[in-house]
2 protein chains.
Amino acid sequence: MPKVDLSARELQVLNALIDCYIKTAEPVGSRKLATKYNLGVSPATIRNTLQDLEEMGLVYQPHTSAGRIPTEVSYRIYVDNIMQIRPLTNKEKAQIARELTSGNKAIDQILEQSCRVLSEVSMQLGVSMAPRFTEGILTHLDLVPVGENRLLVVAAVKSGLVRSVVMEVDSVVNPKMVQETADILNERLSGLTLGQIIDTIHDRFRDVSYGDPKLIKLFTESAENIFTPQTDKDLHLMGTPNITSQPEFKDPKRLQELISLIEERQKIVSSLNAAAIYEGVVVTIGKEANLGMLDGCSMVTSTYRAGKTTGTIGVIGPTRMEYSKLMSIVDYTSKVLSRILSKE
Amino acid sequence: MPKVDLSARELQVLNALIDCYIKTAEPVGSRKLATKYNLGVSPATIRNTLQDLEEMGLVYQPHTSAGRIPTEVSYRIYVDNIMQIRPLTNKEKAQIARELTSGNKAIDQILEQSCRVLSEVSMQLGVSMAPRFTEGILTHLDLVPVGENRLLVVAAVKSGLVRSVVMEVDSVVNPKMVQETADILNERLSGLTLGQIIDTIHDRFRDVSYGDPKLIKLFTESAENIFTPQTDKDLHLMGTPNITSQPEFKDPKRLQELISLIEERQKIVSSLNAAAIYEGVVVTIGKEANLGMLDGCSMVTSTYRAGKTTGTIGVIGPTRMEYSKLMSIVDYTSKVLSRILSKE
DNA sequence: AATTGGCACTCAGGCGATAAGAGTGCTAAG
DNA sequence: CTTAGCACTCTTATCGCCTGAGTGCCAATT
């Protein structure tokens, strides 16, 4: 919310400048603005306006005698106030819908496909994240003996998401006892959200009427480990070549940072979660994204619904991105995705 | 197996040259070899030898009037015939053992830790791959109803590895029937390897005495999907910064190729599988690795055992790597890993 | 016959000067 | 308030020069 009052001309010039810079990735000069965009004034006048914009911190020059480049502040203004959202063509809509509905219906695969289609249509780095597990309602819990001293804990959530975690048990356990324990766990935990379970599990098993007390103790102790989303496994990333070929990544240092970011997925997860507190399409510009070393990048994200839970999808690319188009793409994709995941 | 007969001096010089190049990453000249390695002859003599080596295709010059660089052929000879394996220090052994045995015991986490410790100790890209599922013996199969029209198929293998796949069912199914079906599946499939199951499943369920026939049909039809390892999810990669900072990756193009490789994990999986047909530590040099665009890289890998199944771990780095040290590291790590995974 | 010193030759990489081009800021006039 | 004109700044590319590293070969030496 930078409080700026721009005159009509200043808005016009800023709009043209951002538009041009997004297309060319080169500093934009007054002459280019005057000839390519019919602003009805001469380059000299535009130069004056540009000086004003520079004083307001909306544009800058990489060096004294170069054109202007928009700052992050002005991207914000552009996205919030100036930009016209560019609707999708029917062809684009069809492509997204087709690629999302074809193929297997397991939620994980659908998310991977979302990620792929986002990266293909947007020509940026596509991201998708599985629904936030903590908000899901537990429908069923299962304990499956695996090998001699292990139990597989299977937790199924209403949205169709399933997580399984292997739990170590000290001694060999009686299968009947395991079943009995599973029964009481289900009885007391089904219908709660995983978040509630984590918070209240210790209280809920103060008294244990039947089932294996040792096993239940072990379970309550490792509940957090079982129910907490290991969210970096829920994250899909695709289309890295799309953005590495952009001019902002011609510097090897930049590329290295990108590689690090991709490896430590946790940072992306955090940023996506931070953006997900808003409804609908969110544009996170540059430093706002807090992507650590990799600034100069923006995200366009949206939440989607899967039953009672929500997840996040979006695209990541250089700050200089076609927000107007990307917002439509992400918006539409998230809506299709919600529809697919909810009609089941 | 390039058939070369090298004289004692040629071996000596080649050894020194490779050693020097591995350390400096720069073309090695005759003078440097004469002064740093006491070969007892003058630079001029070494030059003659170098000419001979060049004719044999063992070294080359990036341009006239530069020092020599070893070719992939000569790395092969070096690894197979010349190199002395460098044993690990106690400190290194301790570090590997400590980091592998600490923490959670779930197989997936152990593999991730293997990967991390490999990358840290070797200063290369560490890789680890879960045991090959197809060779595992099925111990238990479970069908867990999830939501309205889904079943979670849980397949547990002797090594402790578990895979779960969501299966879509058309109609709502009776829980009793599901249990009955699971029973007969277990009865007929337990004890077989997953590979055998894939091959023979259609024959095994020609006659179905009880259980839900529709469900069994669905199951046999999707058996391949259920039991085939989606191996690129079983692959861990860590330590990319270790190798991106090496001089061979100063070229942005190289970096881009690396990023692509990391994204399409399938290629790495294939290469690792190809190397895994041999027992013990395998060195795969340059083009042998078939890492697509990213040649100029080598892998040092080893299989490890987990019960009846085997998996692969190793390191990937530029062809110019310290094979002598890396072979020890990978060998030791795989042995420790086998011990951990087998004593259970 | 193998080894060595000497020497001319080649080539990459760094440095500085020069030229071209893009774009600005300022001033003065419309 | 707008605009044309102009001097000024700064980047980028190109050329030529030089230096240093390293070779290949030949003739001398052991």
Side-chain angles (χ1 to χ4, degrees), chain A residues 5-14 16-21 23-71 247-248 250-252, chain B residues 5-14 16-21 23-71 247-248 250-252:
Chain A
D5 252 336
L6 296 178
S7 71
R9 169 166 308 144
E10 284 164 345
L11 277 176
Q12 237 185 343
V13 171
L14 185 59
L17 183 130
I18 292 181
D19 192 75
C20 185
Y21 183 69
K23 283 184 186 135
T24 63
E26 308 240 312
V28 183
S30 56
R31 204 186 128 74
K32 200 155 276 167
L33 287 176
T35 55
K36 305 280 171 185
Y37 302 78
N38 45 352
L39 303 175
V41 287
S42 76
T45 312
I46 295 178
R47 277 205 285 282
N48 292 330
T49 309
L50 286 174
Q51 276 182 33
D52 297 341
L53 290 175
E54 184 151 12
E55 262 175 36
M56 290 185 265
L58 300 184
V59 299
Y60 72 97
Q61 302 175 271
H63 56 84
T64 333
S65 74
R68 285 351 196 259
I69 296 177
T71 62
E248 12 273 289
K250 70 179 200 304
D251 177 12
Chain B
D5 252 336
L6 297 178
S7 71
R9 169 165 308 145
E10 285 165 344
L11 277 177
Q12 236 185 342
V13 170
L14 185 59
L17 183 131
I18 292 181
D19 193 74
C20 185
Y21 184 69
K23 283 183 185 137
T24 63
E26 309 242 309
V28 183
S30 56
R31 203 186 128 72
K32 201 156 273 169
L33 287 176
T35 56
K36 304 282 170 184
Y37 301 77
N38 45 352
L39 303 175
V41 288
S42 76
T45 313
I46 294 178
R47 277 205 285 283
N48 293 330
T49 310
L50 286 174
Q51 278 182 33
D52 297 341
L53 291 175
E54 185 152 12
E55 264 175 36
M56 289 186 263
L58 300 184
V59 299
Y60 72 98
Q61 302 175 269
H63 56 85
T64 337
S65 97
R68 270 25 182 243
I69 295 177
T71 63
E248 13 272 289
K250 71 180 198 305
D251 177 13

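Order of the sequence lines fixes the chain letters, A, B, ..., with proteins taken first and strands second; residue numbering starts at 1 for each chain.
Considering only side-chain N and O atoms, B:Q61 lies under 4.0 angstrom from the phosphate OP1 or OP2 of D:dG24. Of the side-chain N and O atoms in B:S42, none sit less than 4.0 angstrom from OP1 or OP2 of C:dT3. Listed pair A:Q51 / C:dG25 meets the phosphate criterion, a side-chain N or O lying under 4.0 Å from OP1 or OP2. Distances shown here put a side-chain N or O of A:R9 below 4.0 Å from the OP1 or OP2 atom of D:dT2. Residue A:R68 has no polar side-chain atom (N or O) positioned under 4.0 Å from OP1 or OP2 of C:dG23. Here B:S65 does not reach the OP1 or OP2 of D:dG24: none of its side-chain N or O atoms lies under 4.0 Å away.
Distance CD (B:E26) to P (C:dA12): 15 Å, rounded to an integer number of Å. The nearest whole Å value for the distance from the CZ atom in A:R47 to the P atom in D:dC8 is 16 Å. To the nearest angstrom, P of D:dT12 lies 9 Å from NZ of A:K250. In this structure, B:N48 places its CG atom 10 Å from P of C:dT4, rounding to the nearest Å. Between the CD1 atom of B:I69 and the P atom of C:dA12 there is a distance of 13 Å, rounded to whole Å. If you take NZ of B:K32 and P of D:dA21, they are 9 Å apart, rounded to a whole angstrom. One interatomic measurement links the two molecules: CG of B:L17 to C1' of D:dT23, which rounds to 14 Å at whole-angstrom precision. Rounded to an integer number of Å, the gap from CG of A:L33 to C1' of C:dA22 is 14 Å.
In this structure, B:S30 contributes its side chain and B:I46 its backbone to no donor-acceptor pair below 3.5 Å. Listed for the B:Q12 side chain is no donor-acceptor partner under 3.5 Å among the backbone atoms of B:R9. Remark: the backbone N or O of B:R68 is not paired with any side-chain donor or acceptor of B:Y21 at under 3.5 angstrom. At least one donor-acceptor pair closer than 3.5 Å links the side chain of B:E10 to the backbone N or O of B:S7. Judged by distance alone, the side chain of B:Q61 and the main-chain N or O of B:T64 form no donor-acceptor pair under 3.5 Å.
With hydrogens and angles ignored, no donor-acceptor pair closer than 3.5 Å exists between the side chain of A:T64 and the base of D:dT9. Taking 3.5 Å as the limit, the base of C:dG23 and the side chain of A:R31 contain no donor-acceptor pair of atoms between them.
Distances were taken from every side-chain heavy atom of A:H63 (C-beta onward) to each of D:dC10, C:dT3, D:dT2; the shortest belongs to D:dC10.
Looking at heavy-atom distances under 4.0 Å, A:A66 makes contact with sugar-phosphate atoms alone, never a base.
Take the nearest nucleotide of DNA chain C for A:G67 and for B:A44: the residue whose nucleotide is more 5' is B:A44. Comparing B:P62 and B:G40 along DNA chain C, the residue whose closest nucleotide (by nearest heavy atom) sits nearer the 5' end is B:G40.
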